[in-house]
Each structure stands twice: as C-alpha cells, then as structure tokens.
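I have placed the structure first, in the form of structure tokens, so that the comments after it can refer back to it.
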Amino acid sequence: MAYNRFAWFYDEFNGEADYDALYRYALAQLQGHGIRDGILADLGCGTGDLTLMLAQAGYDLIGVDQSEEMLAVLREKADALGVAGGLLLLHQDILELDLYGTIRAAVSTFDTFNHIGPAGRFCKAVERAGFFMEQGGVFIFDLNTPYKHREVLAGRSFTLEAPDAICRWQNRYDPATGRVDISLDILDRETGEHWAEQFPEYSYSLGEVREALAKAGFALESVRDGEDFGPLRRDSQRMILTAVKQYTQTGW
C-alpha cells in the first residue's frame, strides 16, 4: 500500500498521534538493548516525524517507503531541520527490501505491517527486515489488533476534518479473512477537488506474529499496548512489539 495524494494531508489528519510518547518508548527500547548509535531503518516511514526524531538523537537513519509523495514530504521536513545529510531515503516495497548492508535496528509504526497482506506476505516482510539486521539487533513495530478490526473499524465510517481537507473514511470487514478494506474520499478545501484511494489492512494473531518472528530469527521480547505503552489488554486497539535478532545472516 502506498499513499498518493493523501500524503500531502497525512500530517493534518494524523494530528492526534503522540509522536513524543512513541519516540520516548522507541528510544528507551533501543537504549535498553545497548543501541545508542549506528544505522536504523524506519520501514514505512511515511512523512517521517519519528524518523527525524531518531536522526536528531544521533542515529543514522534509512527511511523506506513505497510512496514517493510521502518521501517528498519527509525530505522537505529534513531540509528544514538541517538533517537531510544524515538520511538515506529509499523508495522501496518492504517485501523487496534492500538496505545494501547491515543495520543495528529497525522501527515500523502506525500499522505499516498490517498493510503487507495475508500471513505469507507478512512473514516475508518480517524476514526481509531481519535479513539485514546484526545479531542483537532490535525490531520495534506496531500492529492494529484483531480487536480493532473486528470491533472498532468493522462496517464503520469516519469523517476527518483538517484545515486544508476533509476525508471520509469507510471500512468493510471480512470476518472470514480478518481483512478490512478501507476507502478514502478526500476533498481539497482550497481547490474543491475530490479524489479517492483504497487499500486493505489484515489482522494477525499474536501467535501468527510470534511464529513469523521466530522463522526470521527473532525472539519476541515484549508486547505492550501501542497507544499508552502499558500492558496489552483484551481491548487494546494497537500493540507494539520488540523483538531481538538472534544471529547475523550472511549473503547480503
């Protein structure tokens, strides 16, 4: 999935996201595993708020996204902050990830891996993330939970309003597959132009996630609520996971 025109309004519609709390959590996880510098990849980096926070903390960042529009927004932000020189931005599909060398850690947030596809594609994406990671490397990523897909999104529609645009967000849930088909209808307030985008999200049980991580050489260390970072609850809408790579692969 790649956001196209929606990329230019993404930050406005995502304004309630607590990037500061997410950054503090991710940084604590990295430092808790002794990773205080080196190369990190942000997989599905989007417009890059977390990418830039980690770059400003002294890490060398690789931002990966399938949307050229998202990367263009990130590049503008990096230029404005004066940190563009420390960033490598790659226009890639995570399923075909090629980082050209090893990394110490990877992050992936705001349900990027829910968009990957059914379980087989999800496993492949986790494997690609692990392929370039050093032994002891840390993978921090979040997922919308099956509970959110089933109880919160299923069959519902939302209207998101921002200064420059209005977005009508509709969801169609298939309980047999755990897939949510999402349709966006966006109105540009300035030009009056409408356009639409569609993409799916998929649910993965914690057991499926644990199995995919193990196959890719990761040990799952922690699972927390992805919004308040406390214990995972039955009704948590997002979970955030920390996994550690057990060995360095060769052949990259």
Side-chain angles (χ1 to χ4, degrees), residues 1-31 35-94 97-100 103-115 129 132 138-142 160-167 169 184 186-191 193 195 197 199 226-227 229 238 240:
M1 186 276 296
Y3 289 119
N4 296 311
R5 295 286 297 277
F6 185 65
W8 302 106
F9 302 104
Y10 180 84
D11 287 338
E12 293 188 49
F13 289 130
N14 204 36
E16 294 185 4
D18 191 345
Y19 280 101
D20 290 333
L22 177 59
Y23 164 72
R24 289 192 299 269
Y25 182 83
L27 186 65
Q29 291 293 303
L30 293 168
Q31 293 184 344
I35 301 174
R36 298 179 178 274
D37 56 19
I39 302 174
L40 274 60
D42 189 346
L43 307 179
C45 60
T47 60
D49 282 27
L50 181 60
T51 317
L52 296 172
M53 288 177 172
L54 291 170
Q56 290 176 302
Y59 296 100
D60 298 315
L61 263 294
I62 304 174
V64 182
D65 206 280
Q66 198 174 356
S67 168
E68 291 185 82
E69 290 82 0
M70 286 286 198
L71 293 174
V73 174
L74 171 51
R75 191 171 293 109
E76 289 180 2
K77 291 181 181 178
D79 287 339
L81 291 172
V83 298
L87 292 178
L88 172 62
L89 302 183
L90 300 178
H91 178 224
Q92 291 185 6
D93 183 336
I94 293 172
L97 188 67
D98 190 351
L99 299 179
Y100 312 111
I103 58 175
R104 298 202 68 192
V107 298
S108 185
T109 55
F110 293 102
D111 47 271
T112 293
F113 271 67
N114 286 106
H115 296 290
F132 299 94
V138 175
F139 184 24
I140 303 163
F141 66 106
D142 69 16
L160 309 176
E161 296 201 35
D164 296 326
I166 300 173
C167 174
W169 185 298
L184 306 181
I186 304 162
L187 168 66
D188 186 321
R189 290 182 187 266
E190 182 176 345
T191 65
E193 182 182 5
W195 69 93
E197 296 189 21
F199 52 88
E227 295 178 338
F229 307 104
R238 177 175 283 129
I240 189 163

Do the rings of Phe113 and Phe141 sit parallel, tilted or perpendicular, given the 30° and 60° boundaries?
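Correct class here is tilted.
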Using 30° and 60° as the class boundaries, would you call the ring planes of Tyr19 and Phe110 parallel, tilted or perpendicular?
tilted
Check [X] against [Y] and note the closest heavy-atom contact, atom names and distance.
X: Ala78; Y: Leu87; answer: CB-CD1, 3.5 Å
X: Leu74; Y: Gly48; answer: CD1-CA, 3.6 Å
X: Phe132; Y: Asp98; answer: CZ-CA, 3.6 Å
X: Ile103; Y: Ile62; answer: CG2-CD1, 4.3 Å
X: Gln66; Y: His91; answer: O-NE2, 3.0 Å
X: Ala105; Y: Leu30; answer: CB-CD2, 3.5 Å

Just wondering, do [Y] and [X] contact through their side chains at under 4.5 Å, heavy atoms?
X: Thr109; Y: Ile140; value: no
X: Leu88; Y: Leu99; value: no
X: Asp18; Y: Glu227; value: no
X: Leu22; Y: Ile240; value: yes

Straight-line distance of [X] [atom1] to [Y] [atom2], nearest 0.5 Å:
X: Leu61; Y: Met53; atom1: CG; atom2: CE; result: 12.0 Å
X: Leu187; Y: Asp164; atom1: CG; atom2: CG; result: 11.0 Å
X: Arg36; Y: Leu27; atom1: CZ; atom2: CG; result: 8.0 Å
X: Thr112; Y: Asp142; atom1: OG1; atom2: CG; result: 7.5 Å
X: Leu50; Y: Asp20; atom1: CG; atom2: CG; result: 10.5 Å

With a 3.5 Å cut-off and sequence neighbours excluded, list the donor-acceptor pairs that the side chains of residues 37-45 form with protein atoms.
residue, atom, partner, partner atom, Å
Asp37, OD1, Arg104, NH1, 3.1
Asp42, OD2, Thr51, OG1, 2.7

Please name all residues satisfying ring pair (Phe, Tyr, Trp, His ring centres under 6.0 Å) with Tyr59, sequence neighbours left out, ordered by chain then number.
none
Taking it one step at a time, do Lys77 and Asp49 satisfy side chain to side chain contact (heavy atoms under 4.5 Å, CB included)?
CA-CA 9 Å; Lys77 291 181 181 178; Asp49 282 27; 2.4 Å; yes
Flag, side chain of Asp111 to backbone of Asn114, donor-acceptor distance under 3.5 Å
no
